[in-house]
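Have a look at the structure below before the remarks.
Since we're looking at a predicted model, the values are computed, not measured.
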Amino acid sequence: GATIAVHCDAFRTAASQWLKAVDDNSADLFKGKEDALAKFQKNKAEAEKVIDAVSELDSVNLHVRREDGVLRTSLYIKTR
């Protein structure tokens with residue numbers, strides 16, 4: 001089986017820092033790639049909404065396993 005655990009505080013911090021770093025350095029990162037810059041700018045507000053929405057979550061855990069030949073999946077979402 002497999003287990004995936006996402007601690008939302010760490011995700012939110014990393015995502016916020018990444019978005020800020022890309023935004024602060026977008027002129028250099030997207031130099032000569034105006035289409036990519038336009039897509040980033042278009043989607044930035046949505047990314048900020050997702051990061052904000054994750055503030056309501058504490059953790060997300062996904063567990064996939066085989067029980068008696070049957071594939072089982074459990075998803076646990078812990079809110080604040």
Side-chain angles (χ1 to χ4, degrees):
T3 300
I4 298 172
V6 177
H7 300 281
C8 295
D9 286 337
F11 168 79
R12 188 174 43 260
T13 299
S16 296
Q17 290 174 349
W18 176 86
L19 190 62
K20 182 176 180 344
V22 172
D23 192 36
D24 290 349
N25 297 288
S26 61
D28 293 328
L29 291 170
F30 296 108
K31 193 173 193 175
K33 301 174 186 173
E34 287 74 24
D35 290 346
L37 176 59
K39 286 180 184 177
F40 170 74
Q41 290 172 335
K42 178 183 175 187
N43 292 311
K44 182 182 162 196
E46 287 299 315
E48 289 170 335
K49 287 180 187 177
V50 170
I51 292 168
D52 186 52
V54 173
S55 69
E56 298 296 321
L57 301 176
D58 184 59
S59 62
V60 177
N61 295 294
L62 176 68
H63 182 68
V64 180
R65 67 220 173 265
R66 190 168 298 279
E67 293 179 356
D68 298 322
V70 177
L71 187 63
R72 304 278 185 186
T73 304
S74 301
L75 176 66
Y76 300 96
I77 300 172
K78 183 178 176 187
T79 59
R80 296 192 185 270

Output side-chain donor-acceptor pairs under 3.5 Å for residues 71-80, partner residues at least two apart or in another chain, one line each.
residue, atom, partner, partner atom, Å
Ser74, OG, Arg65, NH1, 3.0
Ser74, OG, Arg65, NH2, 3.0
Arg80, NE, Ser55, O, 2.9
Arg80, NH2, Asp9, OD1, 2.3
Arg80, NH2, Asp9, OD2, 3.4

In terms of heavy-atom contacts, Arg12 and Val54 come closest through NH1-O, 3.0 Å
What pairs with Asp24 under side-chain hydrogen bond (donor to acceptor under 3.5 Å, both in side chains), at least two apart in sequence or on another chain? Lys20
Minimal heavy-atom distance between Leu57 and Cys8, with the atoms involved, is O-CB, 3.3 Å
Which donor-acceptor pairs under 3.5 Å do the side chains of residues 35-46 make with protein atoms, sequence neighbours left out?
residue, atom, partner, partner atom, Å
Asn43, ND2, Lys39, O, 2.9
Lys44, NZ, Asp23, OD2, 2.8
Glu46, OE2, Lys49, NZ, 3.4

For Lys31, what residues pass the salt bridge (charged side-chain N to carboxylate O under 4.0 Å, His left out) criterion, not counting sequence neighbours? none
Can you list every pair that meets ring pair (Phe, Tyr, Trp, His ring centres under 6.0 Å) and has a residue in residues 4-25, with sequence neighbours left out? none
